[in-house]
J.: 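Have a look at this one.
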Protein chains: 2
Amino acid sequence: MKRPTIADIARRAGVSKVAVSYALNDRPGVSEAKRAVIKAIAEEIGWRPNSAARALSGARAHTIGLTVCRPARILGVEPFFMELISGIESELSARSYALMLQVVTDPGQEVEIYRRWWGERRVDGAILVDLRFSDPRVTELEELGLPVVVLGHPSEAGTLVPVWSDDTVAVREAVEYLTALGHRRIARVAGLPELVHTVLRDQAFTAVCRELGLESHTIMHTDYTGDEGARATRRLIGSPARPTAIVYDNDIMAVAGLSAAQEMRLDVPGDLSIVAWDDSPLSQVVRPALTALSRDIPAYGAHAARTLLSLVAGEGEVTGGEITGFEDRAARLVPRGSTAPPPAG
Amino acid sequence: MKRPTIADIARRAGVSKVAVSYALNDRPGVSEAKRAVIKAIAEEIGWRPNSAARALSGARAHTIGLTVCRPARILGVEPFFMELISGIESELSARSYALMLQVVTDPGQEVEIYRRWWGERRVDGAILVDLRFSDPRVTELEELGLPVVVLGHPSEAGTLVPVWSDDTVAVREAVEYLTALGHRRIARVAGLPELVHTVLRDQAFTAVCRELGLESHTIMHTDYTGDEGARATRRLIGSPARPTAIVYDNDIMAVAGLSAAQEMRLDVPGDLSIVAWDDSPLSQVVRPALTALSRDIPAYGAHAARTLLSLVAGEGEVTGGEITGFEDRAARLVPRGSTAPPPAG
DNA sequence: TCGCCGTACTTACCCGGTTCACCGTTTCGG
DNA sequence: CCGAAACGGTGAACCGGGTAAGTACGGCGA
């Protein structure tokens, strides 16, 4: 029942374990005949390289780490992370890398975990999400020496390698679309104001609305939960200058907002247009289906993973080209039933 | 920049590395004075045990594995897995275990991955989800010798350790509740019929409906997507003996069903009552809020993790008590606005 | 004074795979 | 025909911890 080692293979093949190592790793130093014999024996007895032994002799851990800091209830309902993870994985598993995951409740813990993983040589690199302004995690990870890819705008990524998409053009696309429909009062129900992408979207939103000379362009910040999305919606609907269109920062808030509006006897899209950021299947099962800023999130994750892997591989080497990051496609507007011209009044 | 080893500590403390090993592991063989000195140095230079080295000398990998086989788009929208994962993690991180995750597209790959992880000594144990009837994965994992906890009913878990909850009582609670409201035609929109829990729920549903002498009790199987949930709902509404209540196997289908019903001008709950299985925040943001069979999924995951860890720890030991599994609480019905007495006609 | 025991540490070797230096053959070019 | 290079293969050392088996020293009782 003991799991076989290269020494077992060496014994059965009548060679030294060094020859086995060379044979199995497709390195020169053994004849093709012996290589074939050794590979056959390895296959037959079901040998697998002991990852600990490999990692110990200087090689890589063949694992990358990801920590996510959000409470379980939000994490579960937001399709974003699961889609991101499966995208990351598609890239990793193709190269036999594993993903180590940890969910924490406080951003401070994240660095602690990365520090531990790196110190214990459990991971070769990591992905940092939910970038904040002057993020203390960035400076700490910089000095740690761990290869890191940041999902977020380059301006706040320090010397870490960024993977991002330009939310500015997506915001512009949405606002211009609503303006073209005739809307003059647009609101934005945004996520956590400490996150970089929230503020960048806020700024873009304000700038585009000003540029187009809109009557009003309110922004409300929330914690991404449906509850807060609904509450923000009710406050906006009850406000003196009620907006005729609302852009939400995720789809769960958009769905909650839709329900809140319908409950208040508003017709969507007749009285109120709704646009969701991120386009999960959720946007399409509600009625009316939600107009959404659609991104390919699995692809986003895959790009992050690929960038990280090349960073890990090129580490310390004298490659002419520096790895500078990757700009993914911006989200594209997918019009559906939740948007229409504003009411005539 | 090189990461410190116990040899570095030994040099600075002027002792052998064995003394350092004893000191840091709180084992006898060093004086308290030296122990304190050694620990101080370790702390100062930020030493962490190299997990590969530890794992190599017989110890555990301190990692458990989880593979999930569902397409990305379903995975993302179903809160179940993210909640399960965060529950598993809460238990693991408390004991400094890590979680290795892999998303696959075909159940056959799962065993292959477990085989690899176990062969490479990357994991100490694993969790198996989405149990099927006569599941080939069960027999394969049994012979592999990898400690495994199965999320699913003991009858199909073989000799693997099961962690499950009794869906029968939950089905009974839902059907009896609807019957008490006056419903006589109830339908069930179920998940994949090859999964054990789907069939067990099907059987319980049929049995309870027969027992209560209901007029009709249709079951339709789907792939858990909102699309299929909506399609099933439309077919049920259009059928001759239209049900007055529908119980869905997950919340995304329930939401889709709700939208489909409203689109067909049915009032929920006036014309049609809706019950969702699994109670994520999603159930509460739509209008009316969904009556749901609520489970504490993070706790479920935590129980699975705890059971697996004790299995891993007790492995090979002569403990009197065998680890037999864990039965979690059954789901409880949480009545909300989506259920009411059936229409008078 | 000797023997015995416990404490505090050390030396030596293991885990399993990789890598380096070296060594005996064969081949080939000058 | 001889020297150099290429091939095929080996032993030994190494990665960073863990563990078994000593050893040196001090105290204590007889």
Side-chain angles (χ1 to χ4, degrees), chain A residues 1-39 41-42 45-63 96 116-124 316, chain B residues 1-39 41-42 45-63 96 116-122 124:
Chain A
M1 204 61 232
K2 192 176 145 295
R3 286 170 287 188
T5 71
I6 56 168
D8 298 325
I9 299 176
R11 208 173 307 119
R12 293 182 55 153
V15 295
S16 70
K17 58 178 200 155
V18 183
V20 176
S21 176
Y22 287 154
L24 294 173
N25 290 303
D26 284 324
R27 297 154 106 297
V30 265
S31 62
E32 284 311 313
K34 288 235 152 135
R35 190 190 299 280
V37 170
I38 288 168
K39 284 193 168 182
I41 294 176
I45 64 178
W47 173 86
R48 310 276 170 149
N50 180 321
S51 66
R54 269 215 170 137
L56 186 55
S57 41
R60 314 227 135 79
H62 282 270
T63 303
S96 293
R116 187 157 65 80
W117 282 351
W118 180 236
E120 294 176 357
R121 311 277 213 292
R122 278 172 177 273
V123 300
D124 299 326
Chain B
M1 204 63 232
K2 192 177 144 297
R3 286 170 284 188
T5 72
I6 55 168
D8 299 325
I9 299 176
R11 207 173 308 119
R12 294 183 52 153
V15 295
S16 72
K17 60 181 198 142
V18 181
V20 176
S21 177
Y22 286 154
L24 294 173
N25 290 305
D26 285 323
R27 299 155 104 302
V30 262
S31 62
E32 283 311 313
K34 285 240 148 129
R35 190 189 300 280
V37 170
I38 288 168
K39 283 193 168 180
I41 294 175
I45 65 178
W47 174 86
R48 310 276 170 148
N50 180 320
S51 65
R54 272 218 169 132
L56 187 54
S57 45
R60 311 227 137 77
H62 283 269
T63 303
S96 294
R116 186 158 65 81
W117 282 350
W118 181 235
E120 294 177 358
R121 311 278 212 290
R122 277 173 178 271
D124 299 325

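Chain identifiers are assigned alphabetically (A, B, ...) following the order of the sequence lines, protein sequences preceding nucleic acid strands; residue numbering begins at 1 within each chain. Treat the numbers as computed from the prediction; the structure is a model and nothing was measured.
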J.: Closest to the B/Ala19 side chain: C/dC15, D/dG17, C/dT10?
T.: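 Looking only at heavy atoms from C-beta outward on B/Ala19, the closest nucleotide is C/dT10.
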J.: Has B/Ser31 got a side-chain N or O lying under 4.0 Å from the OP1 or OP2 atom of C/dC9?
T.: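 B/Ser31 to C/dC9 OP1/OP2: side-chain N or O found under 4.0 Å.
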J.: Within the pair A/Trp47 and C/dG16, is there a side-chain N or O less than 4.0 Å away from OP1 or OP2?
T.: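 For C/dG16, OP1/OP2 do not have a side-chain N/O of A/Trp47 under 4.0 Å.
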J.: At their closest point, which heavy atom of B/Ala61 faces which heavy atom of B/Asp124, and how far apart are they?
T.: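 Scanning both residues completely, I find the closest heavy atoms to be N-OD1, 2.8 Å.
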J.: Please report, rounded to the nearest Å, how far the P atom of C/dC15 is from the CD1 atom of A/Ile6.
T.: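 Interatomic distance, CD1 of A/Ile6 to P of C/dC15: 12 Å.
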J.: In whole angstroms, how far is the P atom of D/dC15 from the CG atom of B/Leu56?
T.: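 Distance check: B/Leu56 CG to D/dC15 P gives 14 Å.
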J.: Using 0.5 Å steps for rounding, measure from the CD1 atom of B/Ile38 to the CG atom of B/Leu24.
T.: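 Here the rounded value is 6.5 Å.
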J.: Using heavy-atom distances to pick each residue's nearest nucleotide on DNA chain C, tell me which of B/Lys34 and B/Arg121 is more 5'.
T.: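 Mapping each residue to its closest nucleotide by heavy atoms, the 5'-most match is B/Lys34.
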J.: Would you mind reading off the distance between A/Lys17 atom NZ and C/dT18 atom P, rounded to a whole angstrom?
T.: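 For the pair A/Lys17 NZ and C/dT18 P, the rounded distance is 10 Å.
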J.: Quick one: the side chain of A/Tyr22 and the base of D/dC7, do they pair up donor-acceptor inside 3.5 Å?
T.: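 When only heavy-atom distances are counted, A/Tyr22 does not reach the base of D/dC7 through any donor-acceptor pair under 3.5 Å.
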J.: Does a nitrogen or oxygen in the side chain of B/Arg27 sit under 4.0 Å from OP1 or OP2 of D/dT19?
T.: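 For D/dT19, OP1 or OP2 has a side-chain N or O of B/Arg27 closer than 4.0 Å.
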J.: Would you kindly give the CZ-to-P distance between A/Arg11 and D/dT10, to the nearest whole Å?
T.: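 A/Arg11 atom CZ is separated from D/dT10 atom P by 15 Å.
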J.: Which nucleotide sits closest to the side chain of A/Ser57: C/dT10, C/dG16, D/dG17?
T.: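 It is C/dG16.
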J.: Taking OP1 and OP2 of C/dT10, is either one under 4.0 Å from a side-chain nitrogen or oxygen of B/Ser16?
T.: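 The answer is yes; a side-chain N or O of B/Ser16 sits under 4.0 Å from OP1 or OP2.
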J.: Could you check how far CD of A/Glu32 sits from C1' of D/dG8, rounded to whole Å?
T.: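 Taking CD of A/Glu32 and C1' of D/dG8, I get 12 Å after rounding.
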J.: Check every atom of C/dT11, D/dT10, C/dT18 against the side chain of B/Val18 and return the nucleotide holding the closest atom.
T.: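 The answer is C/dT11.
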J.: What do the steps show when you test A/Asp26 against A/Lys39 for side chain to side chain contact (heavy atoms under 4.5 Å, CB included), and what is the final call?
T.: CA-CA 10 Å; A/Asp26 284 324; A/Lys39 284 193 168 182; 2.9 Å; yes
J.: Testing the basics here: between B/Arg3 and B/Asp8, what is the closest heavy-atom pair and its distance to 0.1 Å?
T.: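 Nearest pair, atom of B/Arg3 first, then B/Asp8: O-OD2, 4.3 Å.
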J.: Just the rounded figure in Å: distance from C1' of D/dG8 to CZ of A/Arg35.
T.: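 Result: 11 Å.
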J.: Decide whether A/Arg122 and B/Thr63 meet the rule of one side-chain donor and one side-chain acceptor closer than 3.5 Å.
T.: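 Distance-only check passes for A/Arg122 and B/Thr63.
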J.: Is B/Val15 touching bases, backbone alone, or none of the nucleic acid, heavy atoms closer than 4.0 Å?
T.: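 Sugar-phosphate: the residue B/Val15, judged by heavy atoms under 4.0 Å, touches backbone atoms but no base.
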J.: Can you measure A/Arg60 atom CZ to D/dC15 atom C1' for me and round it to whole angstrom units?
T.: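 Rounded to the whole Å, the gap is 15 Å.
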J.: With respect to the phosphate group of C/dT18, does any side-chain polar atom (N or O) of A/Arg54 fall under 4.0 Å of OP1 or OP2?
T.: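 For A/Arg54, the contact criterion (side-chain N or O under 4.0 Å from OP1 or OP2 of C/dT18) is met.
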J.: Whole-Å distance between D/dG18 P and B/Leu24 CG?
T.: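 Those two atoms, CG and P, are 8 Å apart.
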J.: For C/dT18, take OP1 and OP2 only and decide whether either is under 4.0 Å from a side-chain N or O of A/Asn25.
T.: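 A/Asn25 to C/dT18 OP1/OP2: side-chain N or O found under 4.0 Å.
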